[in-house]
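To start, the structure under review is shown below, and the notes come after it.
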Amino acid sequence: MARPKPCHEPLNSAFAKVSNMQEKYHPADIERAAQAHWQQTGAARAVEDPSRPKYYCLSMFPYPSGKLHMGHVRNYTIGDVLARFHKMLGFNVLQPMGWDAFGMPAENAAIQNKVPPAKWTYANIDYMRSQLQRLGFAIDWEREVATCSPAYYRWEQWLFTRLFEKGLIYKKLGTVNWDPVDQTVLANEQVIDGRGWRSGALVEKREIPMYYMKITAYAEELLADLDKLDGWPEQVRLMQKNWIGKSTGVRLAFPYELDGKADKLWVFTTRADTLMGVTFVAVAAEHPLAARAAQDNPALAAFIAECKKGGVAEADLATMEKKGMPTGLCVQHPLSGAPIPVWVGNYVLMSYGEGAVMAVPGHDERDFAFAQQYGLPIRQVIAVPGETFDATVWQPWYGDKTVGVCVNSGKYDGLDHAAAVDAIAADLAAKGLGEKKTQFRLRDWGISRQRYWGCPIPIVHCADCGDVPVPDAQLPVLLPENVEITGTGSPLARMPEFFETTCPKCGKPAKRETDTMDTFVESSWYFLRYACPDNDQAMLDARVNYWCQGGIDQYIGGIEHAILHLLYARFFTKLIRDLGLPGMAPLDEPFKRLLTQGMVVAPTFYREGADGKKCWINPADVDVSTDERGRPRGATLKADGLPVRIGGIETGCRSRRTTGSIPRP
RNA sequence: GCCGAGAUGGCGGAAUCGGUAGACGCAGCGGAUUCAAAAUCCGCCGCCGCAAGGCGUGAGGGUUCGAGUCCCUCUCUCGGCACCA
């Protein structure tokens, strides 16, 4: 690209007057005058101009939580410096700003302060906008978007109906955290040590119907296109690659007969070469086989009920104690025909893969630990020259598929991993009991939320016509703004004036969907809408082609969004490309360059209460004493002059968690 | 538990290829200037030691003439783990 000519703007007289070189810098005067000048001249206004090269500088939009924090200031300063630098180089710069305005904190504030979420959110937006303006960022405020405004979310609903009609959004059961006291679904964040954060009740897993976006249909392209993103940090690309988690393996079946009916239990494995070492299979508590076995086994029924306790967060499931119980049922080994006992495992999830796993204790570390705990057989079926297998102690080579060959596996003895997988897959295929399969760790994206402050899902449930998308002419489905939030149940589900409607197809009385969408949906396309925020006839228009051509030039935001937000945004860009909106040039990837900033940290101070819990103290309330070399030696609370403990350098969220009164030492 | 990143003075951080560890800045200390202060300028500033010297890049091993840098093991911290945003 040819280097563009620099452009200079005349200063107006007010700015010129204060900007003359002075002894001291008076920010109140100089910045006010400079900002007034920029305002009058529309200095930050971005206008499409095909004759000039564009530079689209995007910062992740903030959640309007109340006030800007240091992380915002840092993030938007980086963006502003890049935007101004490129403007000085002569680029036609777009630096927009908006508000990721739906979400849980507004509902929490509503419960606490008895203020409707909409009112709270709009007040925060007004305040934070004024803070950004005082910071003097070169933002084109004419393009501001707030995701909670109907002008924005109507197009999200419009897109939903298109994707629903294409089958890219579908309905299936999903597992959620259920608070049995508050009778409400909880976010993972609201489950603390397996209990509801407000009620304190033990949380249960519950399966409910939800809408899912078929992101797995794009798994292959989302993975392959990571290679094109050479303007992204390597670590972020690697994290996304591992998250998508492409693996090749074998989907195979264990046949069984139950109640006089023949059936098959399907599992997926990347280690088909160890198939002859299977000594049991484990199914999820919700698996039909588990339910069937529990019918005449009260102890098993009690265990299954216990498995349903606790939340659904993967980190909790992965760290909890592995427990299991035999069902008393057996399935047949697909090759040897030997009986294989079926166990229920609390670590097997119905929503992952087939809801069942085959266990090879000899060559999988977790299966090994489980087998030892419950006295299940451990069989060696892989050998490495010079190494001795000992069924009482796990050794790393047991699970390493890059070394060793099959043993104790009959005709497969002597084959290495790849050859054994091929041979076993061929034999399974011949029997109709399996085939090679590519599998992704990535799961379809559940977007239904049983919450009020979000974008209503534009579906009408009709007894005769089923799930009917709301026709374009009836969009947007408006979210009522004056509601009372109690923290129990979903407010929309208690509002007949919202959900009572008629079927768009047959006209009979019908019920409107009361779930709202995951707020990640809004943040998956806002960067495209900045190009045409005023269009009330279409979601996007040709202005997107100008600003987003070749990708948004620079995206800046926190590393915490390295996977979910950035993957969803990439997914939406491809979805929108494939919808082929009129006048829109195809765009494969939204962000050409990505800059992920770290977390802002600061010194922390705390006291320990009688119960041993740390109570974090605002650094502004602390006096720090130092020695003659400037090293901190002690700290006291200004209010009582008594010592507080120095907690080191940490992220701001520590002090945010401060609750209750500060204990005396 | 799994994936990713990291650990260097009181603090933020340099050291691009394996070659003088701590550039630059902040804080601190000393001095100049000043009636005094602020501001400014000059100097000192890893730890122990009067010094000579010794020690030192999260811990422990290893490779090398030489390791902050490469290899192995471990510890801790941070981000994410699909309903926080």
Side-chain angles (χ1 to χ4, degrees), chain A residues 23-25 60-65 69 71-72 99-108 147 174-179 184-192 197 203 206 208 210 212-213 215-216 233-245 311-322 347 349 351-352 365-366 369 396 441-451 454 515-523 557-568 596-603 624-633 646 648-651 653-654 656-657:
Chain A
E23 276 289 306
K24 284 189 177 174
Y25 180 60
M60 289 182 187
F61 64 169
Y63 177 80
S65 52
H69 56 64
H72 291 130
W99 310 96
D100 187 14
F102 277 137
M104 276 201 326
E107 295 193 18
N108 296 336
T147 57
T175 315
V176 295
N177 304 305
W178 178 254
D179 185 323
T184 198
V185 175
L186 298 178
N188 286 335
E189 191 190 54
Q190 297 171 312
V191 179
I192 298 156
W197 67 343
V203 166
R206 178 174 278 204
I208 58 168
M210 305 207 299
Y212 281 81
M213 297 198 77
I215 191 171
T216 53
E234 190 54 46
Q235 94 216 43
V236 174
R237 291 197 280 171
L238 185 57
M239 280 191 265
Q240 292 216 352
K241 182 185 174 206
N242 292 339
W243 183 262
I244 295 167
V312 299
E314 194 192 288
D316 296 333
L317 295 168
T319 49
M320 74 184 176
E321 195 197 339
K322 307 273 181 291
Y347 60 97
L349 292 179
S351 46
Y352 292 11
E365 190 167 4
R366 284 170 306 175
R441 203 187 77 95
L442 182 69
R443 309 195 299 266
D444 277 341
W445 174 14
I447 56 167
S448 293
R449 297 292 179 271
Q450 299 69 44
R451 273 181 241 298
D515 281 358
T516 54
M517 285 188 229
D518 180 1
T519 58
F520 269 123
V521 178
E522 284 90 65
S523 56
I559 185 69
E560 68 274 20
H561 293 297
I563 295 176
L564 290 179
H565 162 62
L566 287 166
L567 191 66
Y568 293 149
T596 49
Q597 64 156 359
M599 310 289 284
V600 173
V601 295
V624 180
S625 59
T626 55
D627 67 8
E628 74 286 350
R629 291 185 188 269
R631 293 174 292 206
R633 276 295 170 263
I646 299 174
I649 306 292
E650 307 221 38
T651 59
C653 59
R654 290 270 182 267
R656 216 167 54 209
R657 286 181 199 140

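This one's a predicted model, so the numbers in the text were calculated from it and none came from an experiment. Residue numbering restarts at 1 for every chain, and letters A, B, ... go by the order of the sequence lines.
Between B:A82, B:G1, B:G79, one nucleotide has an atom nearer to the side chain of A:Glu560 than all others, and that is B:G79. Proximity note for A:Ala187 (side chain, C-beta onward) versus B:G80, B:C84, B:A85: the nearest is B:C84. If you check B:C84, B:G1, B:A85 against the side chain of A:Ala318, the one that comes closest is B:G1.
Atom CD of A:Glu314 is separated from atom C1' of B:C2 by 7 Å (rounded to the nearest Å). Between A:Trp445 atom CH2 and B:C81 atom P the separation is 14 Å, expressed in whole Å. For the pair A:Asn242 CG and B:A82 C1', the computed distance is 15 Å after rounding to whole Å. Protein atom CG of A:Leu238 is 16 Å distant from nucleotide atom P of B:C2, rounded to whole Å. Here B:C3 presents its P atom at 17 Å from CD1 of A:Ile559, a figure rounded to the nearest Å. Atom CE of A:Met239 and atom C1' of B:C78 are 12 Å apart (whole Å). Look at CZ on A:Arg441: it is 9 Å from P on B:A82, rounded to the nearest Å. Between the P atom of B:C81 and the CG atom of A:Leu567 lies a distance of 13 Å, rounded to the nearest Å.
As judged by a 4.0 angstrom heavy-atom cut-off over every strand, A:Leu317 is placed among residues making no nucleic acid contact. If you check every strand for non-hydrogen atoms under 4.0 Å, A:His565 touches nothing. In this structure, A:Ala315 reaches the bases: a heavy-atom distance under 4.0 Å links it to at least one base atom across the strands shown. Residue-level contact check: A:Thr519 touches the backbone only, with heavy atoms under 4.0 Å from sugar-phosphate atoms and none from bases. Across all strands, A:Gln190 comes closer than 4.0 Å to no nucleic acid atom at all (heavy-atom distances). Contact annotation for A:Val176: base contact, defined as any heavy-atom pair under 4.0 Å involving a base atom. Among the heavy atoms of the strands, none lies under 4.0 Å from A:Val191. Here A:Gly245 lies out of heavy-atom contact (under 4.0 Å) with every strand. Residue A:Met210 is in base contact, counting any heavy-atom pair closer than 4.0 Å across all strands shown.
Across B:G66 and B:U77, the matching P atoms stand 35 Å from one another, rounded to whole Å. Annotation: B:G28 and B:C78 have their P atoms spaced 29 Å apart (nearest Å). The separation of B:C35 from B:C47, taken at their C1' atoms, amounts to 42 Å, rounded to a whole angstrom. Here the separation of B:G43 from B:G49, taken at their C1' atoms, is 23 Å to the nearest Å. Using atom C1' as the reference point in both B:U64 and B:C72, the two lie 16 Å apart (nearest Å). To the nearest whole angstrom, the two C1' atoms, one in B:G46 and one in B:U8, are 10 Å apart. Nucleotides B:G31 and B:A36 have their P atoms positioned 14 Å apart, rounded to a whole Å. Rounded to a whole angstrom, the distance from the P atom of B:G19 to that of B:U73 is 25 Å.
A heavy-atom distance below 4.5 Å is not found between the side chains of A:Thr147 and A:Thr519. A:Asn177 is not listed as a side-chain neighbour of A:Gln190, based on a closest heavy-atom distance of 4.5 Å or more.
Counting non-hydrogen atoms of other residues, nucleotides and ligands closer than 6.0 Å to CZ of A:Arg237 gives a total above 12.
Considering only side-chain N and O atoms, A:Asn188 lies nowhere under 4.0 angstrom from the phosphate OP1 or OP2 of B:C81.
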Do A:Val203 and A:Trp178 pass the side chain to side chain contact (heavy atoms under 4.5 Å, CB included) test, and can you show the C-alpha distance, the side-chain angles, and the key distance before you say yes or no? CA-CA 6 Å; A:Val203 166; A:Trp178 178 254; 5.7 Å; no
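Pairing of B:U33, defined by two Watson-Crick or G-U wobble distances under 3.5 Å, is not identified with any nucleotide. For B:A39, there is no paired base (Watson-Crick or G-U wobble, both distances below 3.5 Å). Under the Watson-Crick or G-U wobble criterion, with both distances below 3.5 Å, B:U57 has no partner in any strand shown. The base-pairing partner of B:G28, taking Watson-Crick or G-U wobble contacts with both distances under 3.5 Å, is B:C44. Base pairing analysis places B:C78 opposite B:G4; the two distances defining the Watson-Crick or G-U wobble pair are each below 3.5 Å.
Formation of a donor-acceptor pair under 3.5 Å by the A:Arg441 side chain with backbone atoms of A:Trp243 is found in this model.
Nearest-nucleotide positions on RNA chain B for A:Arg449 and A:Arg366 put A:Arg366 closer to the 5' end. When the nearest nucleotides of RNA chain B are assigned to A:Pro105 and A:Ala313 by heavy-atom distance, the more 5′-ward of the two goes with A:Ala313.
With a glycosidic angle further than 90° from 0, B:C35 counts as anti. Because its glycosidic torsion is more than 90° from 0, B:G53 is reported here as anti.
Ring orientation note: the planes of A:His565 and A:His561 are nearly perpendicular, at an angle over 60° on the 30°/60° scale.
A:Asp444 and A:Thr216 form a side-chain donor-acceptor contact under 3.5 Å, judged by distance and modelled atom types alone.
The minimum heavy-atom distance between A:Tyr63 and A:Asp100, with the atom names listed, is CD1-O, 2.9 Å.
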